[in-house]
Amino acid sequence: MPPALILVHGAVLNGGMWAPIAADLSRDYNVLTPDLPGHGKRVGEKFTLAAAIATVTDLAKQLAPTPIVLAGDSLGGYISLASGSALGDQLKGAVLGGCTGNFQGPVILALKAQMALTRLLSPESLKTRLEANIRREYPESAAAILADGITPGVFAVAVEELRKVDFRPVLASFKPPLLLLNGSKDWAHVLGEPRVRRANPRAEIRRLKGLGHGVSILRPALFAGILREFLEAHGLSGTIAPAAG
């Protein structure tokens, strides 16, 4: 049975970031792009790691016994990793970007620098700047993202939640096929690649030249192609019936 695809978005954004990738892949697969708590249409909900994991696992349960493949980027990559054990044999693989750095050392330094800069701006100014950046940097996804709204205030909350987790044992226990993508300019996560290789030698790590953090949203066609190749390589290609709900 071919899988359904659950695509998990990054912090501050929403499921709309996957719009061009979902449009491509939905020709052949059930594609689901949920909003995490505190994001998009769920802006009124509190973000916690447990609630984010439940978003993924509850969606997968609704689709059972259909197999699942996860794709995620940044926060979505970490949430996908953390959801793996709860999905058991239903999870057949994952393609994840920007999640090879543990929340210590270079990763935390980079995140603290971002948060320090945001504190210099009023919430209104910060949102305006982020919206302009999204339009400039992510033109293929911008309309869908901004339609459901961005949530700058959830960024620090998400960082604090992820700091509670040592992702080394999470990676070590991740059994299905795993492809991890980093932009070559995403130095904090590039520096984390050796740690990932030690924790999970089965995982494949691929570095995409010239890109920074957020490879899926920077180059959606490239990410969709890589995901299709992954599915085909692991015997997961095909078309399935429409998703529940």
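Numbering starts at 1 and runs along the sequence shown.
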If we only count heavy atoms from C-beta on, is the Ser216 to Ile21 side-chain gap below 4.5 Å? yes
ILVMFWY cluster, Trp187 and Leu208 together (side-chain gap under 4.5 Å): no
Are Leu191 and Leu96 grouped together when hydrophobic residues (ILVMFWY) are joined by side-chain heavy atoms under 4.5 angstrom apart? no
For Arg207 against Ser184, the heavy-atom pair lying closest together: CG-CA, 3.7 Å
Scanning both residues in full, the closest heavy-atom pair of Asn14 with Gly40 reads CB-CA, 3.7 Å
Could you check if a side-chain atom of Arg228 sits within less than 4.5 angstrom of a side-chain atom of Asp24, using non-hydrogen atoms only? yes
With a 4.5 Å cut-off on side-chain heavy-atom distances among I, L, V, M, F, W and Y, is there a chain of contacts connecting Leu222 to Leu231? yes
Rounding to 0.5 Å, atoms CZ (Phe174) and CG (Leu87) come to a distance of 8.5 Å
If we only count heavy atoms from C-beta on, is the Asp186 to Leu211 side-chain gap below 4.5 Å? no
side-chain contact (heavy atoms from CB on, under 4.5 Å) evaluation trace for Leu171 with Arg195: CA-CA 10 Å; Leu171 281 159; Arg195 172 191 61 84; 3.5 Å; yes
For Ala60 versus Gln90, what's the shortest heavy-atom pair and its separation? O-NE2, 2.9 Å
Tell me if a side-chain donor or acceptor on His9 pairs with a main-chain N or O of Asp35 at a distance below 3.5 Å. no
Any side-chain to backbone donor/acceptor pair from Arg129 onto Leu126? Under 3.5 Å, distance only. no
Distance from Ser85 atom OG to Ile53 atom CD1, nearest 0.5 Å? 7.5 Å
Show the nearest heavy-atom pair for residues Asn102 and Phe167, with the distance to one decimal. OD1-N, 2.9 Å
Between Gly98 and Asp73, which heavy-atom pair has the shortest distance, and what is it? N-OD1, 3.7 Å
Verify side-chain contact (heavy atoms from CB on, under 4.5 Å) between His189 and His213, making sure each step is shown before the conclusion. CA-CA 8 Å; His189 293 278; His213 189 65; 3.6 Å; yes
Evaluation steps, side-chain hydrogen bond (donor to acceptor under 3.5 Å, both in side chains), between Asn30 and Thr66: CA-CA 10 Å; Asn30 287 342; Thr66 300; 5.9 Å; no
Taking the side chain as everything from C-beta on, heavy atoms only, tell me whether Glu161 gets closer than 4.5 Å to Thr48. yes
Within the 4.5 Å heavy-atom criterion, are Tyr78 and Val170 side-chain neighbours or not? no
Does the pair Arg163/Glu160 count as a salt bridge with the N-to-O cut at 4.0 Å? yes
Rounded to the nearest 0.5 Å, what's the gap from CZ on Arg197 to CG on Leu180? Could you check? 9.5 Å
What residue among Leu5, Ile217, Thr33, Leu32 forms side chain to side chain contact (heavy atoms under 4.5 Å, CB included) with Trp18? Thr33
For Thr151 and Val43, indicate whether the former's side chain and the latter's backbone hold a donor-acceptor pair under 3.5 Å. no
Would a single hydrophobic cluster contain both Val159 and Leu130, if residues Ile, Leu, Val, Met, Phe, Trp and Tyr are joined by side-chain heavy-atom contacts under 4.5 Å? yes
Point-to-point distance, once rounded to the nearest 0.5 Å, from CD1 of Ile226 to CZ of Arg219: 11.5 Å
Measuring from atom CG of Asn182 to atom CZ of Arg206, what distance do you get when rounded to the nearest 0.5 angstrom? 12.0 Å
Spacing of CG belonging to Leu218 relative to NZ belonging to Lys185, to within rounding of 0.5 Å: 10.0 Å
Hydrophobic cluster identity match, Val165 and Leu70, side-chain contacts under 4.5 Å: yes
On a heavy-atom basis, which atom in Pro20 and which in Met17 lie closest, and how many Å separate them? CD-O, 4.1 Å
Does some side-chain heavy atom of Pro176 sit less than 4.5 Å from a side-chain heavy atom of Lys92? no
Taking side chain as C-beta onward, heavy atoms only, is Ile68 less than 4.5 Å from Val56? no
For the residue pair Leu75 and His39, establish whether any side-chain heavy-atom pair is separated by less than 4.5 Å. yes
